[in-house]
Amino acid sequence: MNRFTKGRSVKPILEQLEDRIQPSFLLAGAVQQLTTPLNNMISDMKTAQTDLQAQFALLVANTPPANTFPGAEVIADKMVSDFQRILNDAAAIKAIVANEVAFIQAAATAEFTEGDNTDLLILLVGPLIGFTPTKSLTDLVTQANNILNDPNVQSIVNMNLHTVNTHVDSTTPIVQETVAPTF
């Protein structure tokens with residue numbers, strides 16, 4: 001059975017892409033999407049900081065396994081590894097944030113040259129009225145620096161662990177056994 005219907009078909013006129021007003025990418029939540037992996041790195045730094053302090057407490061207590069040469073060396077090696085994680089994450093966060101902020105500024109400038117001045121105005125005038133769209137990114141750098149420069153962490157990584165537990169053979173502080181990454 002075939003049915004033929006006669007109906008009207010209306011083809012809408014497509015709007016010109018150049019004439020459309022696009023919302024600001026800074027107001028659309030783009031910066032929040034960029035912070036997710038950085039927040040994961042901050043969490044990793046906090047975990048490494050907690051583990052570093054826990055391993056140090058084991059070393060100071062001089063209870064098993066820290067009361068043997070092999071056990072104390074394993075603990076000291078874990079401490080070096082934890083501090084290296086902190087260094088790696090802090091350096092990565094600083095490098096990523098610097099690149100993301102530069103990208104945001106370049107994108108805003110590019111949109112300005114194409115006739116959309118919204119994002120550039122937000123970047124330039126926003127801080128004057130208390131709205132800094134990249135603040136969530138720069139706050140993460142501050143958090144990373146706070147973890148890295150925590151007085152407890154710095155005290156642990158700059159001391160000779162052999163003076164705390166004689167089962168640790170190395171007299172070299174952790175800070176000298178790690179390498180700060182450069183990107």
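Bear in mind the structure is a predicted one, so any value in this text is a computation, not a measurement.
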ask   = Do we see a donor-acceptor contact under 3.5 Å between the side chains of S170 and E177?
value = yes

Rounded at 0.5 Å granularity, tell me how far [atom1] in [X] sits from [atom2] in [Y].
X	Y	atom1	atom2	result
N160	T171	CG	OG1	5.0 Å
L161	T166	CG	OG1	12.0 Å
T142	I147	OG1	CD1	11.0 Å

Which pairs pass salt bridge (Lys or Arg N to Asp or Glu O under 4.0 Å) with one or both residues in [range], sequence neighbours excluded?
range	result
residues 120-140	K135-D139
residues 156-176	none
residues 44-53	D44-R85

Of the non-hydrogen atoms in M45 and A144, which two are nearest, and what is the gap between them?
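Closest heavy-atom pair between M45 and A144: CE-O, 3.4 Å.
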
Minimum-distance pair of heavy atoms, taken over all atoms of L59 and M79:
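For L59 and M79, the tightest heavy-atom pair comes out as CD2-SD, 4.0 Å.
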
Partners of [X] by side-chain hydrogen bond (donor to acceptor under 3.5 Å, both in side chains), sequence neighbours excluded?
X	answer
Q176	none
Q49	D150
N146	none

Do the side chains of [Y] and [X] get nearer than 4.5 Å, heavy atoms only?
X	Y	result
L52	V153	yes
P65	V74	no
P181	L87	yes
N165	V168	yes

Which of these passes side-chain contact (heavy atoms from CB on, under 4.5 Å) with L140: L34, I96, N39?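 So the option named by the test is N39.
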
With sequence neighbours left out, the residues meeting ring pair (Phe, Tyr, Trp, His ring centres under 6.0 Å) with F69 are H167

Starting from the C-alpha separation in whole Å, work towards a yes-or-no answer on side chain to side chain contact (heavy atoms under 4.5 Å, CB included) for T118 and L121. CA-CA 5 Å; T118 307; L121 282 173; 6.0 Å; no

Checklist entry - Which residue pairs pass the side-chain hydrogen bond (donor to acceptor under 3.5 Å, both in side chains) test when at least one of the two sits in residues 64-80, sequence neighbours left out? => result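 Qualifying pairs, neighbours excluded: none.
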
Show every donor-acceptor pair shorter than 3.5 Å between a side-chain atom in residues 98-110 and any protein atom, with sequence neighbours excluded, or say none if there are none.
from : atom 1 : to   : atom 2 : distance (Å)
N99  : ND2    : A95  : O      : 3.3
T109 : OG1    : Q105 : O      : 2.8

request  = Quick one: which residue pairs count as a ring pair (Phe, Tyr, Trp, His ring centres under 6.0 Å) with a foot in residues 39-66, not counting sequence neighbours?
outcome  =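 Output for this query is empty, none listed.
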
Quick note, ring pair (Phe, Tyr, Trp, His ring centres under 6.0 Å) partners involving residues 105-134, not counting sequence neighbours, are none

Review point. Would you say Q55's side chain and D82's backbone share a donor-acceptor pair under 3.5 angstrom?
Key: no

Contacts of S81 meeting side chain to side chain contact (heavy atoms under 4.5 Å, CB included) (sequence neighbours excluded), chain-then-number -> none

